[in-house]
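Structure record follows, encoded as structure tokens.
Note on naming: letters A, B, ... go to the chains in the order of the sequence lines (proteins, then strands), and numbering restarts at 1 for each one.
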Amino acid sequence: MKKIQIKTVKGFNEILPPESFRWRVVEDKFRNLLEGYGFAELRLALLEPTELFARSIGGETDIVEKEMYTFLDRSDRSLTLRPEATASVVRAYNQYSLGKLSEINKLYYVGPMFRYERPQKGRYRQFHQLGAEVFGEGSFYQDAETLVMLAQFFHTLSIKGAALHLNSLGCEACRPAYRDHLKDYLYDRQESLCEDCRRRISENPLRALDCKNPQCREAVTDAPPISGALCDGCRQHFSGLCGLLDDTGLDYQVNPRLVRGLDYYTRTTFEFLAGDLGAQNAVAAGGRYDRLVEELGGKATPAFGFAIGFERLMMLIGSEVAPLSSPFAALVPIGEEALRYLFPIHVELNRKAQVTTLGFQQKSLKSQLKKADKDGVTYALIVGPDELNQGEALCRNMRTKEQTRIPLSRLGEALRELLP
RNA sequence: GUGGGUGUAGCUCAGUUGGUUAGAGCGCAGGAUUGUGGCUCCUGAGGCCGAGGGUUCGACCCCCUCUACUCACCCCA
């Protein structure tokens, strides 16, 4: 291109029509479902102090180490575009003392997240999440209810292939001992581990369980599963959850390798995995984080949350075009006098409701009808010199091709009567 | 950060061993006897063939560099 075109930043994808209509349909369904379950929306800052994420997600995670959009502002504060929203929700929960409004808080959000990764199918630098968090409820009943709600969401969207994978990561009482145990195990086998996993032994040994390197998978096949190391409380929580899921008939599989890349999870973690998403196959994920509120300076509060990848979700939904909302009628003037006559009527009609279109370019009747058809209008109101003389507009039903005459004096009124 | 693939019209793509005016479908605009849409037909607009350099009498085509997009690794939503 000879002219310099300014384009979007790499990995920042924009949603154009008709895709934007499809997005809104899905988003509305999400909102309705969540609000039906008692969730309220939070609209949060996209930019946060960097330390929020370093402290919540974990300093040694990939997200914090190399995937954040971090920069200094004009007063040299380190700011970061949020890579996920849970940290921000917790920050807001503490900042505004939302816990004092009611004992249990259910909050949801919809919006963009930012990670500086190499873009690929299902992974973008700016991507969108639909997410929710529940504060103040530590019972496994909450875990179960939320998972069932998520499954219901997929169901209403006719998504079949989302499989629920579940695990428990234990809590502060039992995880440290397991971590040490696993460290020893990995240390003994470090020869057969990949470079990353060798590094993980000291930093974040659980992650080695999740490594996709075939050698590592091999080396880790008979690693001690965390399920055997859970304390009584965690074991009861997990088996309680599984029991409730069994009762409600929600299919799931326990996956002892499911570890997640964020440090704040305790007890339940889960992912909904979908087959045809390519390599990025998690469409939704989340879990319990009973320590995070306190770690970020609040009162000790149990919490459970999840996030759905919007783009990935839309990939699963197929591409039936959402019905575009279209104007009800086209005003079709022939000649300048007619255009001049119709303009105030058009404006007046649309003041009450968005019902008519009017082209200003004085095109031929044929091309105006063609346009009206493309716009999907139900009626075309044709007004040319003849109609002006006779004081009647020609009203053409675009579906049935029936044409009737309407006195110009009661054009607006007649049109409103035709509205469904 | 590391690999592979691909950049030709608004979109999806053809383009013969390098040869003169670069094509199709869709979309867009106009038309097919007076002022009537969808189907069909005709016509038209729209491309420095991603950018720069090189080889050659001659490059969309071959070589190099860059860049963008894309898929995968990695990581995750």
Side-chain angles (χ1 to χ4, degrees), chain A residues 1-5 7-13 16 57 61-68 82-86 110-131 150 162 194-197 200 204 207 210-214 216 258-262 269-274 277-286 305-316 330 332-335 338 361-387 394-403:
Chain A
M1 308 294 145
K2 52 188 173 260
K3 284 188 183 168
I4 298 166
Q5 287 261 25
K7 303 196 302 178
T8 47
V9 175
K10 181 202 282 283
F12 283 60
N13 298 324
L16 311 177
I57 296 172
T61 59
D62 282 16
I63 291 176
V64 170
E65 273 182 348
K66 51 189 192 193
E67 295 174 1
M68 294 206 305
R82 62 181 188 188
E84 58 115 31
T86 298
V110 175
M113 309 294 157
F114 306 86
R115 290 184 201 171
Y116 195 89
E117 301 178 90
R118 201 62 176 265
Q120 70 183 73
K121 187 178 170 69
R123 190 176 80 183
Y124 313 101
R125 289 184 170 183
Q126 175 179 330
F127 62 102
H128 296 78
Q129 289 186 336
L130 305 161
L150 255 176
C194 71
E195 202 178 318
D196 284 335
C197 284
R200 284 168 181 153
N204 196 349
R207 286 288 313 290
D210 202 27
C211 186
K212 282 165 187 150
N213 182 310
C216 296
L258 178 57
V259 162
R260 322 259 41 250
L262 294 75
T269 60
F270 70 90
E271 291 182 348
F272 278 89
L273 265 29
L277 280 183
Q280 312 300 322
N281 63 349
V283 63
F306 67 85
I308 303 168
F310 210 144
E311 285 83 354
R312 293 181 188 178
L313 184 67
M314 295 309 288
M315 282 191 263
L316 292 174
V332 178
I334 302 166
Q361 292 187 13
Q362 300 194 45
K363 301 207 175 190
S364 70
L365 175 60
K366 184 194 195 80
S367 79
Q368 290 197 75
L369 285 177
K370 207 182 262 188
K371 178 84 165 74
D373 183 54
K374 214 177 310 176
D375 288 343
V377 304
T378 313
Y379 291 96
L381 287 161
I382 302 164
V383 177
D386 297 349
E387 285 74 15
L394 200 52
C395 177
R396 179 179 176 82
N397 184 315
M398 296 296 278
R399 311 237 195 290
T400 66
K401 298 185 173 185
E402 272 180 298
Q403 298 196 151

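Taking only side-chain atoms of Lys7(A), from C-beta outward, the nucleotide of G35(B), A68(B), C76(B) with the closest atom is A68(B). Taking only side-chain atoms of Pro385(A), from C-beta outward, the nucleotide of G35(B), C74(B), G37(B) with the closest atom is G35(B). Taking only side-chain atoms of Arg115(A), from C-beta outward, the nucleotide of G35(B), G37(B), A77(B) with the closest atom is A77(B).
Base engagement by Ile382(A) is indicated by at least one non-hydrogen atom pair under 4.0 Å involving a base atom. At a threshold of 4.0 angstrom between heavy atoms, the contacts of Leu394(A) include nucleobase atoms, whether or not backbone atoms are also involved. Among the protein residues, Ala372(A) comes within range of no part of the nucleic acid, since none of its heavy atoms lies under 4.0 Å from any strand. In this structure, Asp375(A) reaches neither bases nor backbone, as no heavy-atom distance under 4.0 Å exists between it and the strands shown.
Between Leu150(A) and Ile308(A) the shortest side-chain heavy-atom distance falls below 4.5 Å.
For the C1' atoms, the distance linking U21(B) with C41(B) amounts to 26 Å, nearest Å. For the P atom pair drawn from U40(B) and C62(B), the interatomic distance equals 38 Å after rounding to whole Å.
Residues passing the salt bridge (Lys or Arg N to Asp or Glu O under 4.0 Å) test with Glu387(A), sequence neighbours excluded: none. When the ring pair (Phe, Tyr, Trp, His ring centres under 6.0 Å) test is applied to Phe306(A), no partner is found at least two apart in sequence or on another chain. Under the rule for a side chain to side chain contact (heavy atoms under 4.5 Å, CB included), the partners of Ile334(A) that lie at least two apart in sequence or sit in another chain are Leu365(A), Ile382(A), Pro385(A).
Here the shortest heavy-atom pairing between Gly122(A) and Met315(A) reads CA-CE, 3.3 Å.
Between Ile308(A) and Thr400(A), the one whose closest nucleotide on RNA chain B sits nearer the 5' end is Thr400(A).
On a pure distance criterion of 3.5 Å, a polar donor-acceptor pair joins the side chain of Gln403(A) and the base of U36(B). For Glu387(A) against G35(B), a side-chain N or O and a base N or O form a donor-acceptor pair under 3.5 Å.
For RNA chain B, the residues of residues 117-129 of chain A within the heavy-atom distance limit of 4.0 Å (strictly under) are Glu117(A), Arg118(A), Gln120(A), Lys121(A), Gly122(A), Arg123(A), Tyr124(A), Phe127(A), Gln129(A), sorted by number.
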- request: Kindly express the pairing pattern of RNA chain B in dot-bracket notation, using | wherever a base pairs with another strand and counting only Watson-Crick or G-U pairs under 3.5 Å.
  value: (((((((..((((.....[...)))).(((((.......))))).....(((((..]....))))))))))))....
task: Take nucleotides 29-34 of chain B nucleotide by nucleotide from the 5' end and write B, S or -, depending on whether a protein heavy atom sits under 4.0 Å from the base, only from the sugar-phosphate, or from neither.
output: SSSB--
